[in-house]
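Notes follow once the structure below has been shown.
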Amino acid sequence: MNNMKISVAKGDGIGPEIMDAVLRIFEAAEVPLTYEFVEMGKDYFLQGFSSGMTPQAKESIESNGILFKGPMETPKGKGMKSINVTARKTWSTYANRRHFQTLHGVETVHSKAGIPIDITIVRENIEDTYGGIEHMNSHDVAISRRFITRPGSEQVHRFAFEMARKEGFKKVACGHKANIMKLTDGLFLETFYEVAKDYPEIEAYDIIVDDLCMKLVSMPDRFDVVVLPNLQGDIVSDLCAGLVGGLGFAPSANVGDVISIFEAVHGTAPDIAGKNIANPTSLLLSGMMMLRHLGMSAKAATIENALRYTLEQGVHTGDFGDKNIASVNTTQFADAIIANLGQVPTETKPREATEQKKMWEKPEFPAQRKMMVSPREAVERLIGSDLFIDSALPVEKVAEIVQAQLPAKFKLLMISNRGTQVWPTGSILTECVNHHRCRVILANDSDSASTDEVWEYIKAISSKLFVTSMEMLRNFGEKQGYSMAQGQ
Ligand code: NAI
């Protein structure tokens with residue numbers, strides 16, 4: 001059988017050291033892979049490749065469909081976008097899967113208390129605030145746009161439930177903050193339960209993210225799979241890494257329909273780079289996620305058993321483990337695992353070495369960019385707009401000017417500042433900034449508005465006040481397509 005070919009980027013800082021260690025272990029375990037080494041990372045930014053990779057690297061990854069990567073550094077202060085985020089987003093690796101498990105030999109508060117941890121976090125990987133769409137709306141006010149989409153949410157939820165079905169997880173939880181962000185997190189949550197209907201054998205439940213964090217710390221053994229929006233998933237993942245001994249033990253897979261990227265969760269560790277003392281465990285565990293993804297479960301099990309056996313022996317790099325036992329360097333750590341290939345852990349249940357029936361097949365490369373749209377089911381109706389106005393005038397004065405410019409068909413419903421209503425009613429104690437949201441809607445709800453009419457009054461108001469941005473207000477059937485202000 002021909003070896004499967006994958007693209008490998010060694011990365012920056014400790015990347016080459018830990019990647020070499022992992023590939024040596026793979027070679028010793030006779031993993032049937034061929035590596036195409038690609039040029040990505042800091043040096044390629046500095047050579048003028050604005051995406052941080054050469055065209056050949058892009059071609060190789062798009063042709064192989066799998067990227068195994070070491071951590072990479074994006075030069076700071078030069079306006080370059082993070083290569084890691086760019087790679088995940090460009091290639092639509094919409095699900096970020098991270099696995100956090102208690103490893104014998106890695107002492108943590110919970111391992112000392114005898115509380116076992118085995119949590120999988122699935123983080124949405126494209127949307128949310130990671131669109132990085134931000135604007136200064138006044139000299140005092142920065143705004144970030146947060147995107148949550150129905151098709152994007154559906155992709156990540158389906159990934160989580162498919163994974164649960166394939167790997168025998170009984171429960172999937174959705175973490176969210178829909179009590180505050182009713183439309184964005186609300187949509188994420190609504191889609192979660194929609195998708196859950198297709199997996200009746202799996203228990204689906206939701207939990208507010210702050211409560212989730214508290215429970216993860218106090219009773220982590222209660223959770224198995226949690227799916228979250230991007231930013232919350234980012235934070236909760238690192239919390240879970242802390243539970244199992246730090247970023248050095250957290251593997252990560254960025255999975256998409258065409259391309260998947262496997263990488264360690266930690267960064268380039270510049271403080272220890274070039275010293276051959278870095279811990280390769282996170283990258284090795286990511287490599288095992290990759291082997292399982294490719295259908296090489298038996299190889300993954302053999303290596304994971306050897307790793308766990310090695311940890312049980314007390315072998316450790318300087319960043320963890322029993323301080324009474326001398327630490328080993330990166331090379332020696334890999335050598336110890338290689339020497340232990342074929343061994344199984346005795347203090348925890350070994351991984352079963354069954355090969356998957358089906359090897360991964362490279363997906364068809366799409367002929368054109370995919371457009372994801374769900375069916376429009378409700379009648380959409382334009383009813384007005386929210387105008388954001390940069391002004392330090394008192395809110396009553398802003399209201400007076402806006403009202404004076406409005407045709408009879410529209411009325412100023414309210415003004416909020418930082419999300420709290422300050423006009424027509426509100427508290428004198430609500431402190432304001434120079435960024436008013438003026439909500440203008442139809443005076444008669446049974447009327448209908450056209451976009452031309454909305455632009456017309458915006459133009460009139462703009463001649464008197466600085467309108468920095470606006471959002472159309474629409475209803476989707478019975479559903480309001482906008483949130484209410486606090487106190488409204
Ligand atoms: P970092 O994870 O590189 O380092 C944080 C601390 O953990 C350091 O003290 C480091 O020595 C230690 N550490 C990390 N990995 C280790 C390992 N395998 N073995 C032993 N100790 C380890 O985070 P930091 O310092 O915030 O970021 C450094 C660079 O890495 C930045 O340029 C950042 O942008 C980049 N980065 C890249 C990522 C990726 O490629 N996916 C992810 C996170 C950061």
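All values below were derived from every heavy atom in this structure, side-chain atoms included, with hydrogens, water molecules and symmetry-related copies excluded. Order of appearance sets the numbers: ligands from 1, and atoms from 1 within every ligand.
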Please indicate whether Lys89 has more than 12 foreign heavy atoms, meaning atoms of other residues, nucleotides or ligands, lying under 6.0 Å from its NZ. yes
Please determine whether a side-chain nitrogen of the Lys or Arg among Arg88 and Glu263 lies less than 4.0 Å from a carboxylate oxygen of the Asp or Glu. yes
Looking at atom 6 (C) of ligand 1, tell me if a protein heavy atom falls under 4.0 Å from it. no
Ring centres of Phe161 and Phe192 under 6.0 Å apart? yes
Side-chain heavy-atom pair Ile143, His435 within 4.5 angstrom cut-off: yes
Below 3.5 angstrom, do we get any N/O pair linking Glu73 and ligand 1? no
Can you tell me which portion of Pro270 lies within the under-4.0 Å heavy-atom range of ligand 1? Options are side chain, backbone, both, or neither. side chain
Out of all atoms in ligand 1, which are within 4.0 Å of some heavy atom of Lys69? Include the element for each. 40 (O), 41 (N)
For atom 27 (O) of ligand 1, decide whether some protein heavy-atom distance is shorter than 4.0 Å. no
Shortest protein heavy-atom distance from atom 31 (C) of ligand 1, along with the residue and atom involved: Lys76 NZ, 4.1 Å
How far apart are the C-alpha atoms of Lys166 and Glu162, what are their side-chain angles, what is the distance that settles it, and do they pass the salt bridge (charged side-chain N to carboxylate O under 4.0 Å, His left out) test? CA-CA 6 Å; Lys166 229 184 282 164; Glu162 279 295 319; 5.6 Å; no
Heavy-atom protein contact below 4.0 Å for atom 1 (P) of ligand 1: yes
Please tell me whether Arg146 and Thr129 have a donor and an acceptor in their side chains that are separated by less than 3.5 angstrom. no
Under 4.0 Å to a heavy atom of Val265 - the qualifying atoms of ligand 1, by number: 42 (C)
Check ligand 1 against Glu263 and write out every atom of the ligand that is under 4.0 Å from a heavy-atom position of the residue. 41 (N)
Closer than 4.0 Å and a protein heavy atom, does any atom meet both conditions relative to atom 14 (C) of ligand 1? yes
Can you tell me which portion of Ile14 lies within the under-4.0 Å heavy-atom range of ligand 1? Options are side chain, backbone, both, or neither. side chain
Which option out of Ile272, Asn279, Thr74, Asn254 puts a heavy atom nearest to atom 22 (C) of ligand 1? Ile272
Of the protein's non-hydrogen atoms, which lies at the shortest distance from atom 39 (C) of ligand 1, and what is that distance? Asn84 ND2, 3.2 Å
His135 side chain to Ser144 backbone, donor-acceptor under 3.5 Å: no
Could you tell me the residue and atom name of the protein heavy atom closest to atom 35 (C) of ligand 1, and the distance to it rounded to 0.1 Å? Met72 O, 3.6 Å
Do other residues, nucleotides or ligands put more than 12 heavy atoms under 6.0 Å from the CD atom of Glu201? yes
Just by modelled atom types, is the Asp206 backbone N or O under 3.5 Å from a matching donor or acceptor in the Tyr193 side chain? yes
Is atom 41 (N) of ligand 1 less than 4.0 angstrom from at least one protein heavy atom? yes
I want to confirm something. Looking only at heavy atoms, which of Gly267, Ala269, Ala278 is nearest to atom 36 (N) of ligand 1? Gly267
Within the supplied structure, the quantity of interest is the number of heavy atoms (other residues, nucleotides, ligands) at a distance under 6.0 Å from Glu352 CD; does it exceed 12? no
Heavy-atom proximity to atom 11 (O) of ligand 1 ranks first, among Ile277, Val85, Asp271, Thr268, for Asp271
So for atom CZ, which belongs to Arg222, do other residues, nucleotides or ligands contribute more than 12 heavy atoms lying within a distance under 6.0 Å? no
